[in-house]
Amino acid sequence: MAEAITIARPYAEALFKLAKGNGSLFSWSEMLQVMSAITRENQVRELINNPQISSQKMCEIILSISGKKVNEIGERFLTLVTENQRLEILPQICELFEQLKAQHEGILEAEVVSAFPLESSQQEKLVSILESKFKRKVKVGVSVNNELIGGVRIKIGDQVIDSSVHGKLEAMATALKS
């Protein structure tokens, strides 16, 4: 996985510079998400790995599935990625592009895993706390994991805030073993 990210980074950075330069961050974000979603499909993945399908034909297939959601510059990018046999890393390119876009917009993305579903008021309070702590706007993605027993685990970038019961039990077990 690290190798795919390493290969994807120059593509994402180049696209970000292009999109930022001509004010098309939003449209590039949409196009990358569409292309990424298409390449994640199992049937398309099989075609990508099929040596009998030419890169030109692969581009045509992806563009036909995308409808009119990819513009001419997006088509050229897709052709480049296809000819360089990098279609499999389109999801990573998209992910890195979104991170650069969020960073440019001053938005931190947080992954919140809760033991129980959060009510909207709890989620709003959590966002408010995180925004005051990090002094930036925070965009939160919330999921539920019953194994946490109680509390939440928050991941922002490479920083993890674990206030779950499961995390505290693990820390206690580690402390007792030492």
Side-chain angles (χ1 to χ4, degrees), residues 1-114 117-118 123 136-148 152-160 162:
M1 184 59 117
E3 186 178 324
I5 291 288
T6 303
I7 295 168
R9 185 167 278 109
Y11 287 98
E13 289 173 350
L15 279 179
F16 178 75
K17 286 178 186 174
L18 172 72
K20 185 175 140 189
N22 62 20
S24 59
L25 283 172
F26 181 75
S27 64
W28 268 107
S29 177
E30 285 185 328
M31 285 190 292
L32 284 172
Q33 288 176 24
V34 167
M35 289 186 276
S36 175
I38 292 169
T39 59
R40 282 191 194 119
E41 291 295 322
N42 289 336
Q43 292 171 327
V44 174
R45 279 213 163 302
E46 288 176 17
L47 292 175
I48 291 171
N49 294 320
N50 185 340
Q52 295 177 341
I53 308 270
S54 69
S55 58
Q56 181 181 354
K57 184 64 176 170
M58 196 65 234
C59 265
E60 291 172 7
I61 291 168
I62 293 172
L63 290 172
S64 69
I65 295 170
S66 71
K68 298 190 186 272
K69 295 180 181 174
V70 177
N71 67 22
E72 186 180 325
I73 298 172
E75 287 181 28
R76 283 189 262 163
F77 168 73
L78 182 63
T79 302
L80 173 76
V81 172
T82 306
E83 288 175 353
N84 290 332
Q85 298 179 347
R86 301 294 190 215
L87 274 176
E88 290 182 340
I89 64 164
L90 254 173
Q92 288 84 4
I93 294 171
C94 181
E95 181 182 325
L96 289 168
F97 181 88
E98 290 302 319
Q99 288 174 4
L100 291 167
K101 181 176 169 267
Q103 189 176 30
H104 172 71
E105 294 170 344
I107 299 171
L108 283 175
E109 293 193 14
E111 296 174 30
V112 177
V113 181
S114 174
L118 293 177
Q123 192 171 331
R136 291 173 66 188
K137 185 159 177 52
V138 176
K139 180 180 168 185
V140 176
V142 181
S143 61
V144 176
N145 182 347
N146 297 336
E147 292 179 9
L148 295 181
V152 295
R153 182 180 296 147
I154 304 166
K155 183 179 180 216
I156 297 180
D158 60 355
Q159 191 173 23
V160 177
D162 191 349

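In this chain, numbering begins with 1 at the start of the sequence shown.
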Could you state the interatomic distance from CD (Glu95) to CD1 (Ile89), rounded to the nearest 0.5 Å? 12.0 Å

Sequence neighbours left out, cut at 3.5 Å: what donor-acceptor pairs do the side chains of residues 26-35 make with other protein atoms?
unit_1	atom_1	unit_2	atom_2	d
Ser27	OG	Ser24	O	3.1
Ser29	OG	Gln33	NE2	3.2
Ser29	OG	Glu98	OE1	3.3
Ser29	OG	Glu98	OE2	2.3
Gln33	NE2	Glu98	OE2	3.2

Please name the residue in the list Ile154, Leu108, Val112, Leu118 that meets the side chain to side chain contact (heavy atoms under 4.5 Å, CB included) test with Val140. Val112

Distance, nearest 0.5 Å, that separates CD of Glu41 from CD1 of Ile62: 11.5 Å

Taking CD in Gln103 as the centre, count heavy atoms belonging to other residues, nucleotides or ligands within less than 6.0 Å. Is the count above 12? no

Are side-chain heavy atoms of Leu90 and Tyr11 found at a separation under 4.5 Å? no

Hey, is Glu13 close enough to Lys17 for a salt bridge, meaning N to O under 4.0 Å? no

Does any non-hydrogen side-chain atom of Ile7 lie less than 4.5 Å from one of Gln92? no

Taking all heavy atoms of Asn71 and all of Ile73, pick out the closest pair and write down the distance. OD1-N, 3.1 Å

Would you find a donor on one side and an acceptor on the other, under 3.5 Å apart, between the side chain of Ser66 and the backbone of Lys69? no

Starting at CG of Leu63, measure out to CD of Glu75 and round the result to the nearest 0.5 Å. 4.5 Å

Out of curiosity, Leu78 CG to Met58 CE, how far, rounded to the nearest 0.5 Å? 8.5 Å

Measure the shortest side-chain to side-chain distance between Lys101 and Lys20 over non-hydrogen atoms and say whether it is less than 4.5 angstrom. no

Quick one: are Gln56 and Thr79 in side-chain contact, heavy atoms under 4.5 Å? no

Test side chain to side chain contact (heavy atoms under 4.5 Å, CB included), reference Thr39, set Leu47, Leu87, Ile93, output is Leu87

Any side-chain heavy-atom pair of Ser36 and Arg40 under 4.5 Å: yes

Greater than 12 external heavy atoms within 6.0 Å of Glu60's CD: yes

Least distance between heavy atoms, Ala12 atom then Leu100 atom: O-CD1, 3.9 Å

When rounded to the nearest 0.5 angstrom, what distance separates CG in Asn49 from CD in Gln85? 10.5 Å

So, taking the atom named CD1 in Ile61 and the one named CD1 in Ile65, what distance separates them when rounded to the nearest 0.5 Å? 7.0 Å

